Amino acid sequence: MRISTKTRYGMRFMIDLAQRHGEGCVALKEVAERQGISKKYLEQVVAPLSGAGLLRVTRGYQGGYQLARPPEDITLADVVGASEDGLELLDCMSGVLACERQGSCLSQRIWGGMEQAIRDYLASITLAEAARGE
């Protein structure tokens, strides 16, 4: 499993917003400069986060981005889930690809346990905790 660059940058973007929670809208350009990410690329990164209801977008002068909920109410699993198609380690785990060994594959339980451990880990950390470096 590889986490995409969009997901990594999305995580940095969301943590940056969590650090500024309560300060009003944050301009995309400011986050881009602080994080060393191109503004154009960040525009692509924020679209799925906004679509998942994690961001509030205000257009126009003094506009920008804010977290849609308090950082204590958003987990890293929420962020990754909005950015990635899924956290499946193998195609056969997603249910999209049919596998002739699906019913008898003994290793599927192992991979499923690893996936669940990753999901549980991400769900156990809030943006507030990540923003504090915990």
Side-chain angles (χ1 to χ4, degrees):
M1 176 174 106
R2 292 187 67 88
I3 300 294
S4 70
T5 300
K6 282 186 181 180
T7 298
R8 290 189 354 251
Y9 287 0
M11 185 74 71
R12 288 170 49 190
F13 178 80
M14 295 294 284
I15 291 170
D16 191 288
L17 290 186
Q19 290 174 322
R20 284 149 188 79
H21 182 68
E23 297 177 10
C25 289
V26 178
L28 195 65
K29 181 180 177 185
E30 293 173 13
V31 178
E33 289 171 0
R34 278 192 298 272
Q35 296 298 322
I37 304 169
S38 86
K39 181 177 176 269
K40 188 172 189 113
Y41 195 80
L42 263 187
E43 289 170 352
Q44 297 173 32
V45 168
V46 300
L49 297 168
S50 179
L54 299 177
L55 294 175
R56 184 176 306 125
V57 182
T58 305
R59 306 275 180 216
Y61 181 71
Q62 299 285 341
Y65 295 85
Q66 293 177 299
L67 298 177
R69 302 189 308 259
E72 296 81 12
D73 295 342
I74 301 173
T75 68
L76 301 189
D78 296 328
V79 176
V80 173
S83 300
E84 290 289 327
D85 290 334
L87 289 176
E88 290 79 17
L89 296 174
L90 303 169
D91 290 336
C92 64
M93 301 295 289
S94 68
V96 174
L97 178 69
C99 175
E100 72 267 359
R101 298 186 45 84
Q102 186 119 15
S104 62
C105 181
L106 298 177
S107 65
Q108 190 175 29
R109 183 171 172 260
I110 296 165
W111 302 126
M114 187 182 294
E115 284 178 13
Q116 191 59 52
I118 292 168
R119 282 188 187 92
D120 291 346
Y121 175 72
L122 292 172
S124 74
I125 303 170
T126 66
L127 275 179
E129 293 166 332
R132 291 190 301 261
E134 296 177 8

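Everything quoted here is computed from the prediction, not taken from an experiment. For the single chain, residues carry numbers from 1 onward in sequence order.
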inquiry  = Donor-acceptor pair, distance only, cut-off 3.5 Å: does the side chain of Ser83 make one with the backbone of Val80?
reply    =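 No; zero donor-acceptor contacts below 3.5 Å.
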
task = For the pair Ser107 (side chain) and Ile110 (backbone), establish whether a donor and an acceptor sit closer than 3.5 Å, ignoring hydrogens and angles.
result =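 Side chain of Ser107 to backbone of Ile110: no pair is present.
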
Between [atom1] of [X] and [atom2] of [Y], what distance do you get to the nearest 0.5 Å?
| X | Y | atom1 | atom2 | answer |
| --- | --- | --- | --- | --- |
| Tyr65 | Leu42 | OH | CG | 8.5 Å |
| Leu17 | Glu30 | CG | CD | 10.5 Å |
| Phe13 | Leu55 | CZ | CG | 5.5 Å |
| Gln44 | Thr5 | CD | OG1 | 11.5 Å |
| Ile118 | Leu76 | CD1 | CG | 13.5 Å |
| Glu129 | Ser124 | CD | OG | 7.5 Å |

Check [X] against [Y] and note the closest heavy-atom contact, atom names and distance.
| X | Y | result |
| --- | --- | --- |
| Val57 | Ser50 | CG2-OG, 3.7 Å |
| Ala18 | Ala131 | CB-CB, 3.8 Å |
| Lys6 | Val45 | O-CG1, 3.7 Å |

Thr58 and Gln66: side chain donor to acceptor below 3.5 Å =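 No - no donor-acceptor pair under 3.5 Å links their side chains.
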
query = Glu72 and Thr126: side-chain donor and acceptor closer than 3.5 Å?
reply =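 The answer is no; no qualifying pair exists.
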
ask   = Should the pair Arg12-Asp16 be classified as a salt bridge under the 4.0 Å nitrogen-to-oxygen rule?
value =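 No, this pair does not count.
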
key: CA sep, side-chain torsions, deciding dist, call: Met14, Gln19, side-chain contact (heavy atoms from CB on, under 4.5 Å)   = CA-CA 9 Å; Met14 295 294 284; Gln19 290 174 322; over 6 Å; no

task = Would you mind reporting whether Thr75 and Leu127 have side-chain heavy atoms less than 4.5 Å apart?
result =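 A side-chain contact is absent here, since even the closest heavy-atom pair is not under 4.5 Å.
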
ask   = Any side-chain heavy atom of His21 sitting closer than 4.5 Å to one from Arg69?
value =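 Not in contact.
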
task = Would you check, one step at a time, whether the test side-chain contact (heavy atoms from CB on, under 4.5 Å) holds for Leu54 with Leu67?
result = CA-CA 6 Å; Leu54 299 177; Leu67 298 177; over 6 Å; no

task = For Tyr121, look at atom OH and say whether over 12 heavy atoms of other residues, nucleotides or ligands are found less than 6.0 Å away.
result =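 It does not: Tyr121 OH has 12 such atoms or fewer within range.
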
